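A quick write-up on the structure given underneath.
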Amino acid sequence: MGKLQRIKIVEILASDAFLSEQINVRGWVRTRRGNKHISFIALNDGSTIKNLQIVVDIATFGDDFLKPITTGACVSITGLLVASQGQGQTVELQALEIEIYGTADAETYPLQKKGHSLEFLREIAHLRPRTNTFSAVLRIRHAMAFAIHQYFNEKGFFYLHTPIITGSDAEGAGAMFQVTTLDLNDMPKTPEGKVNYDNDFFGKPTNLTVSGQLEGELGALALGNIYTFGPTFRAENSNTPRHLAEFWMIEPEAAFYDIHDNMDLAEDFLKSLIRYALDHCADDLDFLNSMWDNELIDRLKFVAENDFVRLSYTEGIDILVHSGEKFEFPVSWGVDLQSEHERYLVEKHFKKPVILTDYPKEIKAFYMKQNEDGKTVRAMDVLFPRIGEIIGGSQREENYDRLLDRINELNIPMKDLWWYLETRKFGTAPHAGFGLGFERLLLFVTGMGNIRDVIPFPRTPKNAEF
RNA sequence: UCUUCAGUAGCUCAGUCGGUUAGAGCACCUGACUGUUAAUCAGGGGGUCGUAGGUUCAAGUCCUACCUGAAGAGCCA
């Protein structure tokens, strides 16, 4: 005994292969209860939301030995797997040998058997993965990351690693975190009194990336189809349940795709991921559905099974103008859509995901392909219920002259973008792509209400404790 | 960053019109119970009322500033 290989609880519950066998399990105690003769331990090892019930005969082990086995303690237990005599579980482990790896003093261990508020759990982010909710979210997060790689791999998209430290801020996607090795208390200055970056690590100002898209386009114009999946940083002072300063983004980019191919890809991609979650994370989704959001699974199935609505910005404005709805921000052609407008279209008018296309060029980025009308660009935003914009993308402007004109119109510093422009100078091609915020996807798939609860270590203004 | 709400025991909260010793449930500790399911039952300990000022005979309660958290907005993914 004691030399048995550890079996994960998810495997034990998956079949009856271990019934009547002597096995070893290791994990963390959720609760221990019972009377002076018998003790029941609910053990969780993180492999599944489900616990394994351990039955302990107190006479065999002694009260003093069992006393430190409290909520949060880590134990290794060897025993005999038998059909359960009690209700609530099919099998249970009759303990023959118990080793305590680590105790968790009941007076100071912050996690209790009872539920905690998500706000409190954020303050103990180092321990919250041990709760049912966060272990479920983190398993789903893993499954979605895996499904994303699998989806693109099967479609022939290559995983391209774009840089995390960049020398350009040309995309203008938001405020950036500067990266420097200069001494902030003694910055070298030029004769004009500005910071002299000549002796900084890269010899020029650098920042953490806000998007891998521009580099992704370089990859697509060589490999055909690529995607990125990596960390992204925004130094915006955003305090909302939908924003993080550090988040993960997926950005596919495909040569020879127009905006319609791009929409097809985005819709199929999202539906595939949701279907993957329904097929592979059923236990965790059931838990989240019952604990936090009892419409979650219905909503996921609905999105996976129904077509997204596709309409132009102009048509969307028309619907909003004639809606009879009183909006805080008035609607007219040319204005950027506010949250309330997007929510009206998605949640009230269509009641399903919406893809809006062909926005006015003034409210979209410089690289988007201009339409023949001279007013709009081939942009596409995928709007989801509850979370708003989950995907933003476009067909890119592949014409060198038109792209350069737009860059000059917007006064974007050219010197940072010479390499990007050369893709249009040499062997340019029509292409398109989009960006998906990974945590926004997880908000939708898990039903969690706050983006800080779908990433293990959230980075938000004034918060980088863990 | 703006607006609103909140901060009282380890957690979740109550605390009336400003008035005697600040309460409850859960958690924790002690005890009871021969199969429990967030076990149950009985008892016990536990408080700088976010911080700093101010008003008042008297402040958890009213005022000011600040800190922290949340929701909505902006920005966006």
Side-chain angles (χ1 to χ4, degrees), chain A residues 30-42 50-59 63 67 70-72 82 84-89 92 94 104-124 131-132 171-175 209-213 231-251 266 291 327-329 336-340 342-343 363-365 381-384 387-393 434-444 449-455 460-463 465:
Chain A
R30 283 288 203 268
T31 69
R32 185 164 71 89
R33 54 179 174 258
N35 53 47
K36 67 161 76 161
H37 302 277
I38 190 167
S39 208
F40 301 94
I41 298 170
K50 292 177 176 164
N51 300 328
L52 182 66
Q53 171 154 285
I54 314 293
V55 185
V56 184
D57 177 41
I58 292 179
D63 212 27
K67 196 159 273 183
T70 55
T71 298
V82 299
S84 178
Q85 296 174 32
Q87 306 289 308
Q89 59 279 317
E92 62 192 18
Q94 288 179 337
D105 176 47
E107 300 231 34
T108 51
Y109 184 62
L111 292 173
Q112 303 171 0
K113 302 180 210 180
K114 297 275 178 180
H116 294 287
S117 70
L118 295 170
E119 289 85 355
F120 172 67
L121 291 174
R122 269 170 228 149
E123 294 171 11
I124 51 167
T131 64
N132 288 331
E171 215 220 325
T209 183
V210 292
S211 165
Q213 183 202 313
T232 310
F233 308 87
R234 304 275 165 92
E236 301 286 353
N237 189 9
S238 292
N239 293 287
T240 86
R242 296 178 303 283
H243 290 86
L244 291 165
E246 176 181 303
F247 64 101
W248 288 66
M249 191 149 65
I250 300 104
E251 295 176 291
M291 185 62 105
F327 294 114
E328 186 187 342
F329 295 89
D336 207 351
L337 293 183
Q338 305 294 320
S339 293
E340 56 175 343
E342 296 180 350
R343 212 175 302 127
I363 58 175
K364 286 295 181 184
D381 285 0
V382 181
L383 309 178
F384 258 37
I387 51 178
E389 185 184 338
I390 192 169
I391 275 179
F434 61 79
L436 167 69
F438 187 45
E439 285 77 15
R440 293 243 174 120
L441 171 75
L442 289 171
L443 275 182
F444 187 75
N450 192 310
I451 203 164
R452 297 165 184 123
D453 299 328
V454 296
I455 188 168
T460 53
K462 300 286 191 311
N463 186 0
E465 180 68 22

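The model shown is predicted, which means the values in this text are computed figures rather than measured ones. Throughout, a chain's letter reflects where its sequence line sits, starting with A, and its residues are numbered from 1.
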Checking A/E439 side chain against A/I451 main chain: does a donor-acceptor pair fall under 3.5 Å?
no

Using whole Å, report how far CZ of A/R122 lies from C1' of B/G69.
9 Å

So does A/Q87 reach the base of B/U36 with its side chain, donor to acceptor, closer than 3.5 Å?
no

Exercise: identify the closest heavy-atom pair between A/H243 and A/T460:
O-CG2, 4.1 Å

For the student: nearest non-hydrogen atoms of A/S211 and A/T232, plus distance
N-CG2, 3.9 Å

Is there a donor and acceptor pair, one atom on the side chain of A/H243 and one on the base of B/C76, closer than 3.5 Å?
yes

Rounded distance (nearest 0.5 Å) linking atom CG of A/N51 with atom CZ of A/F40
14.5 Å

In whole Å, I'd like the distance from the CD atom of A/E123 to the P atom of B/U12.
8 Å

Once you round it to whole Å, what is the distance between C1' of B/C75 and CZ of A/F329?
12 Å

hbond_proxy A/S238 side chain to B/C75 base (donor-acceptor, 3.5 Å cutoff):
yes

Spacing between A/N239 atom CG and B/G72 atom P, to the nearest angstrom
12 Å

Please report the distance separating the C1' of B/U21 from the corresponding atom of B/G7, rounded so that it comes out in whole Å.
25 Å

Please state whether the base of B/U36 and the side chain of A/Q89 form at least one donor-acceptor pair under 3.5 Å?
yes

Would one find a side-chain N or O of A/Q338 under 4.0 angstrom from OP1 or OP2 of B/A73?
no

By nearest heavy atom, map A/I38 and A/G115 onto RNA chain B; which one lands nearer the 5' end?
A/I38

Based on the glycosidic angle (syn within 90° of 0, else anti), state the conformation of B/C49.
anti

Once you round it to whole Å, what is the distance between P of B/C76 and CD of A/E439?
19 Å

Specify the separation, in whole Å, of atom CD of A/E107 and atom P of B/G10.
11 Å

CD of A/Q213 versus P of B/A77: gap in Å, rounded?
9 Å

Going by modelled atom types, is there a donor-acceptor pair between the base of B/G35 and the side chain of A/Q85 at under 3.5 Å?
yes

Nearest listed nucleotide, side chain of A/P241, among B/G72, B/A73, B/U12:
B/G72

Starting at the 5' end of RNA chain B, which residue's closest nucleotide do you reach first, A/F438 or A/R32?
A/R32

Rounding to an integer number of Å, can you tell me how far A/I391 CD1 sits from B/A77 P?
11 Å

Less than 3.5 Å between a donor and an acceptor, one on the side chain of A/E92 and one on the base of B/G35, is that the case here?
yes

Inter-residue atom distance A/I38.CD1 - A/D57.CG, 0.5 Å rounding
7.0 Å

